[in-house]
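What follows is a single structure, written as structure tokens, with notes after it.
Just so you know, these numbers use all the heavy atoms, side chains as well, and skip hydrogens, waters and symmetry mates.
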Amino acid sequence: GSIGGVPFTDAEINSGDLREAVYAARGSARTDADRAIRMLQATPLAPSFGALFAGLSASGPVQAEVAMFLPIKDFERRVITVMANLDGVTLRTRQQPIEASDVRGTLWVRNREIQAPALAGRALGGRFDASIATTLLGGGNLRTRIDAQGSLQGAALAPIARMPANAGLAGATDWRGTLELERDADPKQPARGTVRLSSDLRGLASALPEPFAKTAEAARPLALSATFGGVNSPRIEGSLGRDVRALLQLHGSSGATPVERGIVTFGGATPDALPANAGLWLTGRLEAASLTKILDLQWSGPRDRKSTR
């Protein structure tokens, strides 16, 4: 038979207590990843995985084993366990123009908990390795952490980071990152999380104006931290080398300019507060800067120069 369009083999259903309507079911499935995700997105578990899961799509072969404990009269006690072997899967999200391809490894899902000790794939033109672990907090809340590391190509990063067309990003560099996501037991509460990324940028060249220009041989540490969740749009804190610090509030709606308001400091400490007014504010001191090179940057879409002060 099939569930949600996913065909199952070696399936069986039994009941240890017909009077109380308690059932157990198990089965195996080999299907396309997109069918499997759409099936899960249609289950009562879907809201507990957050908005990111709702916008996820996929393709590629998946072999899954599913086991379910279903007490019909007390359905909150249900337990659904899925073990999925990913064999070259591609993952995409509606929220970001990025995809992970050739993803391989084993993924376990038990109700709202997700575990994956070793995943590997390709993204941003390079290979990556990742692991996923979920910890049970008080009150039924969960914390899921993704640790990842890999390499990326400058040419693949430029459109994702909305860089100018003539940014001149070339070469490749290694990176490390984490995502920590907290989900309440109440699925109506939005997930909250923090993304942290770091790289020494060695191997990556940039033709951007100073102080963002660099040769491929030079190391210039980059650190980014983004928090999201609740009613606020994402907030990003970043540093580049020893002389550039930034604090940004992104727009919550699509189609708008990426930054709602923010401040970039040159040669100073990390800003401790966002500016009161909208736009991107620049402050600090530079040894040299070329306004001509800044104005010569070529963006793929229209930009509002009035928003930069």
Exercise. Looking only at atom types and distance, does a side-chain atom of Gln249 sit under 3.5 Å from a main-chain N or O of Ser233, one as donor and one as acceptor?
Worked result: yes

For this session: Flag the pair Asp200 and Arg220 as a salt bridge only when some basic side-chain nitrogen lies within less than 4.0 angstrom of an acidic carboxylate oxygen.
Result: no

For this session: Say whether, by atom type as modelled, one donor and one acceptor occur between the side chain of Thr194 and the main chain of Thr227 under 3.5 angstrom.
Result: no

Exercise. Taking atom CZ of Arg104 and atom CG of Leu119, what is their separation to the nearest 0.5 Å?
Worked result: 12.0 Å

For this session: Output yes when a side-chain donor or acceptor of Arg143 lies under 3.5 Å from a complementary backbone atom of Arg183, and no otherwise.
Result: no

Exercise. Should Val103 and Ile160 be regarded as members of a common hydrophobic cluster, given that ILVMFWY residues are connected when their side-chain heavy atoms come within less than 4.5 Å of each other, either directly or indirectly?
Worked result: yes

For this session: Could you tell me the separation between the CD atom of Glu182 and the CG atom of Leu137, rounded to the nearest 0.5 Å?
Result: 6.0 Å

Exercise. Is the backbone of Ala218 close enough, under 3.5 Å, to the side chain of Arg202 for a donor and an acceptor to pair up by distance?
Worked result: no

Exercise. Just by distance, do the side chain of Asn141 and the backbone of Ala185 share a donor-acceptor pair under 3.5 Å?
Worked result: yes

Problem set entry | Under 3.5 Å donor-acceptor, Gln115 side chain and Thr134 backbone | yes

Exercise. Hey, what do you get for OG (Ser206) to CE (Met163), rounding to the nearest 0.5 Å?
Worked result: 6.0 Å

For this session: Under the side chain to side chain contact (heavy atoms under 4.5 Å, CB included) rule, collect the residues that match up with Pro271, sequence neighbours excluded.
Result: Arg245, Leu247, Ile263, Thr265

Exercise. Should Phe228 and Leu56 be counted in the same cluster of Ile, Leu, Val, Met, Phe, Trp and Tyr side chains packed under 4.5 Å apart?
Worked result: yes

For this session: Tell me, please, which residues at least two apart from Glu210 pass side chain to side chain contact (heavy atoms under 4.5 Å, CB included).
Result: Ala213

Problem set entry | Donor-acceptor under 3.5 Å (Asp102 side chain, Gly88 main chain) | no

Exercise. Sub-3.5 Å donor-acceptor pair from the side chain of Asp243 to the main-chain atoms of Phe266, do we have one?
Worked result: no

Problem set entry | Side-chain donor/acceptor of Thr106 to backbone N/O of Asn85, under 3.5 Å | no

Exercise. Could Arg176 and Asp147 be called an ion pair, given the rule that one side-chain N must be under 4.0 Å from one carboxylate O?
Worked result: no

Exercise. Ion pair present between Asp184 and Arg192, side-chain N to carboxylate O less than 4.0 angstrom?
Worked result: yes

